[in-house]
Amino acid sequence: MLAGSEYFNNEFLPYSWIIPSVLFITAIVLTGYCFRYPGKKSSLIFKLFLTLVYTLSGLSVWLGMQHTNMKSALSGATVLTFYGLLLLLDAIWWKKIVFRIPEKTDLKIAMILLIILGLFYPVIEIAFGYTWPRMVLFGSECPTTTFVLGLLIGSLPKTNKWILGLFATNAILVGGYVGFSGFIVDALTYFPAGITAWIMMVRHWKN
């Protein structure tokens with residue numbers, strides 16, 4: 001994964017850091033917009049943005065990983081593109097997800113924690129000795145989905161639990177595999193993000 005990220009970051013400079021920076025800033029702005037004006041309109045805009053993010057993420061995985069591992073490139077690009085499609089379907093068809101600040105304290109704490117972990121994922125990488133270009137930036141699967149899981153937790157209990165469950169399960173599987181295979185950052189962020197999401201969903205399922 002890191003080899004693919006390193007290749008992509010070097011090969012597509014300066015876009016490999018400009019695009020994540022723009023996505024990072026836009027994500028923060030839209031988060032504030034949704035929390036300030038929660039509803040279908042703000043959530044629609046955010047879901048369309050996240051659809052774009054996951055589409056770009058799938059493309060970056062394909063461009064980076066196909067030079068090191070074609071199977072991983074194909075599976076990663078497919079999963080991320082599918083994530084984008086699910087969010088697009090919820091934006092224009094199901095309309096179940098509404099991003100907002102939850103009333104329940106446990107949901108609020110979990111949401112804030114995962115949003116911070118997702119947005120500041122590169123800071124955690126640097127803290128553990130990973131430096132440019134061998135880094136994963138916002139817009140890639142692990143930090144982005146950690147961030148999105150925080151948003152989805154905040155939208156409980158009335159949310160699209162199929163999407164939340166799928167994202168959380170994949171975070172546990174991928175985060176656990178990558179994290180406990182040596183990339184400790186995922187073991188501390190992506191893996192627990194999936195577990196936290198499932199715990200919150202089960203706690204508030206009946207509601």
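Here the structure is a predicted model, which is why all the values come from computation and not from measurement. Numbers for residues simply follow the sequence, beginning at 1.
A donor-acceptor pair is defined here as one N or O able to donate and one able to accept, closer than 3.5 Å; such a pair exists between the side chain of Thr81 and the backbone of Ala77. Using modelled atom types, one side-chain atom of Ser42 and one backbone atom of Gly39 make a donor-acceptor pair closer than 3.5 Å. Not a single donor-acceptor pair under 3.5 Å links the side chain of Arg100 to the backbone N or O of Cys34. Panel note: side chain Thr169, backbone Leu166; no donor-acceptor pair is recorded below 3.5 Å.
Cluster annotation: Ile109 and Val202 are assigned to distinct hydrophobic clusters (Ile/Leu/Val/Met/Phe/Trp/Tyr, side-chain heavy-atom contacts under 4.5 Å, transitive). Under the 4.5 Å side-chain heavy-atom criterion for grouping Ile, Leu, Val, Met, Phe, Trp and Tyr, Ile112 is connected to Phe24 within one hydrophobic cluster. Val98 and Ile45 are members of different hydrophobic clusters when ILVMFWY side chains are connected at heavy-atom separations under 4.5 Å. Taken together through direct or relayed side-chain contacts under 4.5 Å among Ile, Leu, Val, Met, Phe, Trp and Tyr, Ile92 and Phe82 form part of one hydrophobic cluster. Neither Val22 nor Phe8 shares a network with the other; the hydrophobic side chains, linked directly or stepwise wherever heavy atoms of I, L, V, M, F, W or Y lie under 4.5 Å apart, form separate groups for each.
Separating the CG atom in Leu152 from the CZ atom in Phe167 is a distance of 7.0 Å, to the nearest 0.5 Å. Here the CE atom belonging to Met201 is positioned 8.0 Å from the NZ atom belonging to Lys161, to the nearest 0.5 angstrom. The structure places CG of Leu113 at 10.0 Å from OG1 of Thr146, a figure rounded to the nearest 0.5 Å. Expressed to the nearest 0.5 Å, how far CG of Asn160 lies from NZ of Lys47 amounts to 8.5 Å. Interatomic distance, CG of Leu137 versus OG of Ser21, reported as 7.5 Å (0.5 Å rounding). Between the CG atom of Leu74 and the CD atom of Gln66 there is a distance of 10.5 Å, given to the nearest 0.5 Å.
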Practice task
List the steps and the verdict of side chain to side chain contact (heavy atoms under 4.5 Å, CB included) for Leu149 and Thr196.
Solution key: CA-CA 9 Å; Leu149 283 172; Thr196 302; over 6 Å; no
Practice task
Might you work through the side chain to side chain contact (heavy atoms under 4.5 Å, CB included) test for Met135 and Ile126, ending with a clear yes or no?
Solution key: CA-CA 8 Å; Met135 292 179 65; Ile126 294 173; 3.8 Å; yes
Problem - side chain to side chain contact (heavy atoms under 4.5 Å, CB included) evaluation trace for Leu151 with Phe35 - result: CA-CA 10 Å; Leu151 293 173; Phe35 289 173; 4.2 Å; yes
Handout entry: CA sep, side-chain torsions, deciding dist, call: Thr31, Phe46, side chain to side chain contact (heavy atoms under 4.5 Å, CB included)
Key = CA-CA 8 Å; Thr31 299; Phe46 209 161; 3.5 Å; yes
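Side-chain atoms of Phe183 and Glu125, non-hydrogen and from C-beta on, do get closer than 4.5 Å to each other. Residues Ser43 and Ile97 form no side-chain contact, since every pair of their non-hydrogen atoms from C-beta on lies 4.5 Å or further apart. Using a 4.5 Å heavy-atom cutoff, the side chains of Thr144 and Tyr83 are not in contact. Residues Trp62 and Met70 are in side-chain contact: their nearest non-hydrogen atoms beyond the backbone lie under 4.5 Å apart. Looking only at side-chain heavy atoms (C-beta outward), Asn9 and Trp17 stay at 4.5 Å or farther from each other. In this structure, Leu30 and Phe99 have side chains that are not in contact, with every pair of non-hydrogen atoms separated by 4.5 Å or more. Using a 4.5 Å heavy-atom cutoff, the side chains of Leu86 and Trp94 are in contact. When side chains are defined from C-beta on, Leu117 counts as touching Ile124, because their heavy atoms get closer than 4.5 Å.
Annotation for Val136 and Pro122: closest pair O-CG, 4.1 Å, computed over non-hydrogen atoms. Across all their heavy atoms, Gly118 and Phe138 have their closest contact at O-CD1, 3.8 Å. When every heavy atom of Ala91 is checked against every heavy atom of Leu48, the shortest pair comes out as CB-CD2, 4.2 Å. Here the closest non-hydrogen pair linking Ile153 and Ala110 is CG2-CB, 4.0 Å. Residues Met111 and Gly150 share a closest heavy-atom pair of CG-O, 3.0 Å. For the residue pair Leu88 and Thr51, the shortest heavy atom distance occurs at N-OG1, 3.4 Å.
Residue pairs that meet the side chain to side chain donor-acceptor pair (under 3.5 Å) test with at least one member in residues 101-111, sequence neighbours left out, are Asp106-Arg203, Asp106-His204.
Applying the salt bridge (Lys or Arg N to Asp or Glu O under 4.0 Å) criterion to Glu6, with sequence neighbours excluded, gives Arg134. Applying the ring-ring contact (aromatic ring centres under 6.0 Å, His included) criterion to Tyr37, with sequence neighbours excluded, gives Tyr33. Residues satisfying the side-chain hydrogen bond (donor to acceptor under 3.5 Å, both in side chains) criterion with Thr145, sequence neighbours excluded, are Tyr54. Residues satisfying the side chain to side chain contact (heavy atoms under 4.5 Å, CB included) test with Ile19, not counting sequence neighbours, are Tyr15, Leu23, Leu56.
Sparse packing is recorded around CH2 of Trp162, with 12 or fewer heavy atoms of other residues, nucleotides or ligands lying under 6.0 Å away. Within a 6.0 Å sphere centred on CZ of Phe180, other residues, nucleotides and ligands contribute more than 12 heavy atoms.
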All N/O donor-acceptor pairs, side-chain side in residues 186-195, below 3.5 Å, sequence neighbours left out:
{"residue": "Asp186", "atom": "OD1", "partner": "Tyr121", "partner atom": "OH", "Å": "2.5"}
{"residue": "Thr189", "atom": "OG1", "partner": "Val185", "partner atom": "O", "Å": "2.7"}
{"residue": "Tyr190", "atom": "OH", "partner": "Glu141", "partner atom": "OE2", "Å": "2.8"}

